[in-house]
Each structure stands twice: as structure tokens, then as C-alpha cells.
There are 2 protein chains.
Amino acid sequence: MEKSFAVAALSALAQETRLEVFRLLVEQGPDGLPAGVIGERLKLPAPTLSFHLNQLRHAGLIGSRRESRSIIYAANFNAMTALVGYLTENCCRGQPERCLPMVNPAACVPVKRNGKHARA
Amino acid sequence: MEKSFAVAALSALAQETRLEVFRLLVEQGPDGLPAGVIGERLKLPAPTLSFHLNQLRHAGLIGSRRESRSIIYAANFNAMTALVGYLTENCCRGQPERCLPMVNPAACVPVKRNGKHARA
DNA sequence: CAGATGATTCCATCATTCTGGAAATATGGA
DNA sequence: TCCATATTTCCAGAATGATGGAATCATCTG
């Protein structure tokens with residue numbers, strides 16, 4: 001993962017409204033939700049929601065598809081995983097046992113992607 | 001984890017310089033590094049670095065201790081884990097198999113903390 | 001095509017954040 | 001005490017981000 005991608009993703013999530021939107025979509029799973037429903041649940045004016053959905057989409061954290069009049073948004077789970085992996089990458093110089101007393105091993109070596117960071 | 005904590009942590013990381021600092025400290029492990037060394041490695045003017053270290057510290061992502069004239073900063077691995085857990089919490093309405101085709105199980109159900117989100 | 005519905009773009013306003021020089025504070029050594 | 005080192009605080013200018021009303025675009029139905 002690129003540093004600029006990570007910054008974009010983190011910036012997108014670093015805002016209360018967007019974080020709520022994202023978590024709602026993560027909870028929903030791959031099926032996602034139409035913009036209207038999201039706005040209804042989180043009580044957001046349409047332009048505000050649209051702005052935030054755009055930020056999340058440009059950051060690659062969510063995807064969208066049109067379905068009749070609605071536009072359905074869904075979390076991008078690959079991006080989520082990649083971001084988490086980027087944050088925790090190389091933790092403790094590859095000696096995760098050094099932070100294991102404090103964290104779950106999975107968080108320290110989370111992304112098993114063509115074996116690159118795998119250790120467990 | 002509180003929503004406001006998560007937003008603070010994400011805001012702190014959503015900035016290129018701070019993300020670099022944090023990743024450097026994650027790599028260093030619990031021993032951490034003195035501010036001066038961080039500034040040297042990342043080529044940052046002291047006031048700029050100090051500003052960013054403060055942001056990270058206020059967000060709870062790093063801790064500091066004085067050691068003679070130096071101030072040593074180290075990543076807070078508990079906070080890191082909690083943040084990752086918050087992002088991925090309840091993914092796919094507790095049916096992680098729905099996003100498993102896309103992500104590593106560990107990323108979907110990462111934080112085993114008093115059994116609250118544990119599933120594997 | 002006309003009307004209704006779902007969503008986006010435009011844009012001005014307001015608010016927050018980043019940057020680094022100069023000055024200040026803390027610690028240790030001669 | 002005086003000086004050097006390590007780091008922080010102060011501050012102001014520059015840049016970036018959020019908000020929501022009005023207008024616009026896209027799609028479906030009759």
C-alpha cells in the first residue's frame with residue numbers, strides 16, 4: 001500500500017460523520033445501502049452526505065453502484081484490510097513478541113497477502 | 001472505544017508527517033526513540049516535529065517519558081489495537097464469512113478483548 | 001412528455017489545521 | 001553560575017476542509 005493512499009484513507013475516516021457512514025457500511029457487508037437510507041439513518045442533509053460519500057469513495061474505502069434510481073454504497077473490505085496492515089506493518093522490527101504482551105497477535109501481523117508479512 | 005477517541009486517533013494519523021512518525025515508532029517497538037532522533041531521521045524542523053508529536057500524544061497513540069535531556073516517544077500498542085478493532089467492529093453483522101472471501105479473518109475479527117468481539 | 005423521486009454539483013461561508021522562526025523552558029556538565 | 005543541548009511554546013500567515021440551500025441531473029412511472 002502506498003503512503004499517499006493510506007493518508008487519503010485515514011483522512012477520509014478522520015471525520016465523525018464519515019466514520020459513522022463507514023462503520024455503518026462495514027456492518028452492512030458487501031450488499032451495502034442506498035444513499036437515501038444512509039442519510040435517513042444518520043440524519044444527514046443530502047448534500048452533506050453526498051460530499052462525505054464522495055470523500056470515502058475517492059479514498060477507495062467504499063464503492064458504489066447504481067440500482068435503478070438509487071445509488072448503493074458498500075464498504076471496500078480489501079481497502080480496509082490493507083489500511084490496517086499498513087498501520088501495523090513491521091511492528092517491533094519483526095519481533096511481534098515484543099508488543100504481544102500488549103496486543104493481539106492478529107493485530108500485529110494481520111495481513112496475510114501473498115505471504116509478505118505472514119508470521120503466524 | 002469511544003467514537004471521539006477514534007476520530008482523534010484517525011485525525012492524528014491522517015497526516016503524512018505524523019503517519020511517518022507513528023510508523024517509525026511502531027517499528028521501533030516499546031523502547032521508542034528520542035524526539036531528536038525522530039526529527040533527524042525524518043528531516044523535520046524541531047517545532048514542526050514537536051507539534052506533530054503533541055497531536056499523536058493527545059490522541060493517545062504515543063506516549064512519552066523523559067530520560068535525562070531527551071524525551072523518548074513510543075507507540076501505544078493498545079491504542080493501535082483498539083483503533084483497528086473499532087474500524088472493523090461488527091463487520092458484516094457478525095457474519096464475517098460474508099467478507100472473508102475478501103479479507104483475512106484476523107482483520108475482520110481482530111480484537112480479542114474480554115471476549116467481546118471474539119468469534120474465532 | 002410531465003411529474004415524482006433519488007442523488008449530485010455549485011458555491012459562499014465558516015472553521016480548522018499546518019508550518020517554522022524566534023523565544024522560552026528543562027536538564028546536565030564544567 | 002554559565003554554557004551547551006534537547007525540546008517545547010508562541011504566533012501569524014497560508015492552506016485545507018466542512019456545511020447546507022438552491023439548482024441540476026438521472027431514472028422511473030403513467
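Here is how names work: the chains are called A, B, and so on, in the same order as the sequence lines, proteins then strands, and each is numbered from 1.
- Among dA7(C), dT8(C), dT7(D), the nucleotide with an atom closest to any side-chain atom of P34(A) is dA7(C).
- With rounding to whole Å, N54(B) atom CG is found 8 Å from dT8(D) atom C1'.
- In this structure, I72(B) atom CD1 and dT7(D) atom C1' are separated by 12 Å, rounded to whole Å.
- A search for side-chain contact (heavy atoms from CB on, under 4.5 Å) contacts involving P47(B) returns P45(B), not counting sequence neighbours.
- Rounded to whole Å, atom P of dT17(C) lies 19 Å from atom CD of E16(B).
- By the 4.5 Å heavy-atom criterion applied to side chains, L19(B) and L10(A) are counted as neighbours.
- In this structure, Y73(A) places its OH atom 9 Å from P of dA7(C), rounding to the nearest Å.
- Closest approach of Y73(B) and S64(B) over heavy atoms only: CE2-CB, 3.5 Å.
- Regarding L19(B), its CG atom lies at a distance of 13 Å from the P atom of dC18(C), rounded to whole Å.
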Each nucleotide in nucleotides 15-22 of chain D should get exactly one letter: B, S or -. Can you fill that in based on protein heavy atoms under 4.0 Å?
---SBBBB
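- In this structure, the side chains of L25(A) and L56(A) stay at 4.5 Å or more apart for every pair of heavy atoms.
- Annotation: side chain of L13(B) is in contact with side chain of L87(A) (closest heavy-atom distance under 4.5 Å).
- At a threshold of 4.0 angstrom between heavy atoms, the contacts of A46(A) include nucleobase atoms, whether or not backbone atoms are also involved.
- In this structure, H58(B) atom NE2 and dT17(C) atom P are separated by 13 Å, rounded to whole Å.
- Using a 4.0 Å heavy-atom criterion, one finds that S70(A) contacts the sugar-phosphate atoms exclusively.
- The heavy-atom pair separating A74(B) from G32(B) by the smallest distance is CB-CA, 3.8 Å.
- Rounding to whole angstrom units, CG of residue L56(B) and P of dT17(C) are separated by 14 Å.
- Screening residues 37-64 of chain B for salt bridge (Lys or Arg N to Asp or Glu O under 4.0 Å) gives no qualifying pairs among residues at least two apart or on separate chains.
- Applying the salt bridge (Lys or Arg N to Asp or Glu O under 4.0 Å) rule to pairs touching residues 18-27 of chain A yields E20(A)-K3(B), R23(A)-E89(B), sequence neighbours excluded.
- Distance I71(A) CD1 to dC28(D) C1': 14 Å, rounded to the nearest Å.
- Residue pairs meeting the salt bridge (Lys or Arg N to Asp or Glu O under 4.0 Å) criterion with at least one member in residues 60-70 of chain A, sequence neighbours excluded, are R65(A)-E67(A).
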Nucleotide by nucleotide, 5' to 3', does protein get under 4.0 Å of the base (B), only the sugar-phosphate (S), or neither (-) in nucleotides 24-30 of chain C, counting heavy atoms?
--SBS--
